[in-house]
Engineer: 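Would you mind keeping the following structure in view while I ask a few things?
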Amino acid sequence: MSRRGALLAWALLSLLRLGEAQKTEAPACCSPIVPRREWGALGSKCTTPLSQPVRYVVVSHTAGSSCNTPASCQQQAQNVQYYHMKTQNWCDVGYNFLIGEDGLVYEGRGWGFKGDHSSHLWNAMSIGITFMGNYMDRVPPARALRAAQSLLACGVAQRALNSKYEVKGHRDVQRTLSPGDQLYNIIQNWPHYRAT
């Protein structure tokens with residue numbers, strides 16, 4: 001084998017080992033999260049960190065259009081972010097994560113930054129997860145609910161969420177109809193749900 005061939009083989013083996021190392025670092029329960037760059041997010045201007053592990057999770061709905069394909073959910077995430085940044089003048093999309101009816105989780109502010117999803121008190125001590133759509137009269141599909149549960153398990157595995165975290169509905173912490181009657185009925189049966 002030539003020296004060049006040997007170097008190429010070594011580089012490929014190193015990359016394979018690096019890939020394996022990265023696989024073992026990510027908790028097995030973590031489903032893929034669509035990163036901001038993949039859904040076309042605008043650059044964030046947020047700088048306020050969220051102290052971890054976070055104790056609370058606030059679940060909401062966007063009360064807008066739903067989406068059920070990756071293309072339509074990417075567009076919907078862009079629409080929500082554009083509204084929050086350009087109309088509300090916030091530093092980014094208000095939620096830490098957005099759940100699509102396609103069963104994917106879209107990264108908003110992520111685990112590390114304070115959101116703008118409920119009141120100032122709750123924003124500073126919770127992760128905001130929103131379901132894209134209106135769930136007053138219908139339930140999200142099972143794949144979206146599974147994606148949310150997987151995200152929460154991932155947060156605990158990564159120590160971003162306290163293992164004894166509490167789930168609240170948006171209406172539990174602020175005067176609103178969010179997360180919609182049907183979704184609210186569902187989350188009240190989640191093991192970590194606690195009424196205020």
Side-chain angles (χ1 to χ4, degrees), residues 22 25-63 73-74 76-100 104-132 144-145 147-176 178-179 183-184 187 190-196:
Q22 288 175 343
E25 289 173 11
C29 63
C30 293
S31 295
I33 295 172
V34 180
R36 296 170 59 85
R37 70 182 175 279
E38 286 186 22
W39 62 262
L42 299 170
S44 178
K45 299 174 187 169
C46 298
T47 57
T48 306
L50 193 56
S51 181
Q52 295 180 354
V54 179
R55 176 65 189 244
Y56 301 99
V57 175
V58 177
V59 177
S60 64
H61 71 167
T62 60
C73 288
Q74 288 173 17
Q76 190 60 18
Q78 290 172 5
N79 294 346
V80 173
Q81 185 190 41
Y82 186 87
Y83 173 73
H84 287 176
M85 291 183 79
K86 302 301 183 183
T87 303
Q88 300 295 103
N89 204 29
W90 295 348
C91 62
D92 199 349
V93 63
Y95 312 107
N96 298 91
F97 297 97
L98 302 94
I99 310 290
L104 296 175
V105 176
Y106 294 82
E107 179 186 24
R109 296 191 190 188
W111 298 111
F113 291 97
K114 179 181 82 63
D116 280 311
H117 48 81
S118 47
S119 70
H120 291 294
L121 172 71
W122 286 95
N123 289 339
M125 61 181 182
S126 64
I127 290 289
I129 296 174
T130 195
F131 284 75
M132 292 188 277
L145 296 167
Q149 291 291 330
S150 177
L151 176 68
L152 297 174
C154 184
V156 171
Q158 292 181 1
R159 295 189 174 100
L161 273 182
N162 185 306
S163 61
K164 297 181 193 272
Y165 71 90
E166 295 181 22
V167 171
K168 307 283 186 190
H170 191 186
R171 64 178 65 177
D172 291 326
V173 301
Q174 194 172 22
R175 191 178 179 108
T176 179
S178 178
L183 179 54
Y184 186 62
I187 68 167
W190 288 3
H192 287 266
Y193 176 80
R194 302 290 179 273
T196 301

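No experiment lies behind these values; they were computed from the predicted model shown. The figures here come from the full heavy-atom set of this structure, side chains too, leaving out hydrogens, waters and symmetry mates.
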Engineer: Nearest 0.5 Å, what's the CG-CG distance between Leu151 and Leu161?
Structural biologist: 7.5 Å
Engineer: Heavy-atom distance under 4.5 Å between the side chains of Gln81 and Asp92, does that happen here?
Structural biologist: yes
Engineer: Can you see which heavy atom on Ser126 is nearest to which on Leu50, and at what distance?
Structural biologist: O-CD2, 3.6 Å
Engineer: Nearest heavy-atom pair of Cys73 and Tyr106: which atoms, and what distance?
Structural biologist: CB-OH, 3.3 Å
Engineer: Without swapping roles, check the side chain of Arg194 against the backbone of Lys168 for a donor-acceptor pair under 3.5 Å.
Structural biologist: no
Engineer: Are any side-chain N or O atoms of Gln76 and backbone N or O atoms of Met132, one a donor and one an acceptor, separated by less than 3.5 Å?
Structural biologist: no
Engineer: Classify the side-chain pair Asp172/Tyr56 by whether it contains a donor and acceptor separated by less than 3.5 Å.
Structural biologist: no
Engineer: Are side-chain heavy atoms of Leu145 and Leu183 found at a separation under 4.5 Å?
Structural biologist: yes
Engineer: How long is the straight-line distance from NZ of Lys45 back to CG of Asn89, given to the nearest 0.5 Å?
Structural biologist: 7.5 Å
Engineer: How are the rings of His192 and Tyr165 set to each other: parallel, tilted or perpendicular (split at 30° and 60°)?
Structural biologist: parallel
Engineer: Taking atom CZ of Arg159 as the centre, does the number of heavy atoms from other residues, nucleotides or ligands within less than 6.0 Å exceed 12?
Structural biologist: no
Engineer: Please check this pair: side chain of Asn123 against backbone of Ser118, looking for a donor-acceptor N/O pair closer than 3.5 Å.
Structural biologist: yes
Engineer: Quick one: does any side-chain atom of His84 pair with a main-chain N or O of Gly94 as donor and acceptor, under 3.5 Å?
Structural biologist: yes
Engineer: Could you walk me through whether Phe97 and Leu152 pass the side chain to side chain contact (heavy atoms under 4.5 Å, CB included) check?
Structural biologist: CA-CA 11 Å; Phe97 297 97; Leu152 297 174; over 6 Å; no
Engineer: Does some side-chain heavy atom of Trp111 sit less than 4.5 Å from a side-chain heavy atom of Gln158?
Structural biologist: yes
Engineer: Using a 3.5 Å distance criterion without hydrogens, assess whether the side chain of Arg109 forms a donor-acceptor pair with backbone atoms of Lys114.
Structural biologist: yes
Engineer: For Trp39 and Arg36, run side chain to side chain contact (heavy atoms under 4.5 Å, CB included): C-alpha distance rounded to whole Å, both residues' side-chain angles, the deciding distance at 0.1 Å, then the answer.
Structural biologist: CA-CA 5 Å; Trp39 62 262; Arg36 296 170 59 85; 4.3 Å; yes
Engineer: Without swapping roles, check the side chain of Gln74 against the backbone of Gly40 for a donor-acceptor pair under 3.5 Å.
Structural biologist: no
Engineer: So do the side chains of Ile129 and Ser60 get within less than 4.5 Å of each other, counting heavy atoms only?
Structural biologist: no
Engineer: Go through the steps for Gln174 and Trp122 under the test side chain to side chain contact (heavy atoms under 4.5 Å, CB included), then give the verdict.
Structural biologist: CA-CA 9 Å; Gln174 194 172 22; Trp122 286 95; over 6 Å; no
Engineer: How far apart are the C-alpha atoms of Tyr95 and Val80, what are their side-chain angles, what is the distance that settles it, and do they pass the side chain to side chain contact (heavy atoms under 4.5 Å, CB included) test?
Structural biologist: CA-CA 10 Å; Tyr95 312 107; Val80 173; 3.8 Å; yes
Engineer: How far does CD1 of Ile187 sit from CD of Gln149, to the nearest 0.5 angstrom?
Structural biologist: 10.0 Å
Engineer: If we ignore hydrogens and angles and just use 3.5 Å, is the side chain of His170 paired with the main-chain N or O of His117 as donor and acceptor?
Structural biologist: yes
Engineer: So, Thr62 and Thr130: side-chain donor and acceptor under 3.5 Å apart, yes or no?
Structural biologist: no
Engineer: Closer than 3.5 angstrom, by distance alone: can the side chain of Asn162 be matched with the main-chain N or O of Val54 as a donor-acceptor pair?
Structural biologist: no
Engineer: So which heavy atom on Phe131 is nearest to which on Ala148, and how close?
Structural biologist: CZ-CB, 3.6 Å
Engineer: If you compare all heavy atoms of Ser44 against all heavy atoms of Cys46, which two are closest, and at what distance to 0.1 Å?
Structural biologist: OG-N, 3.1 Å
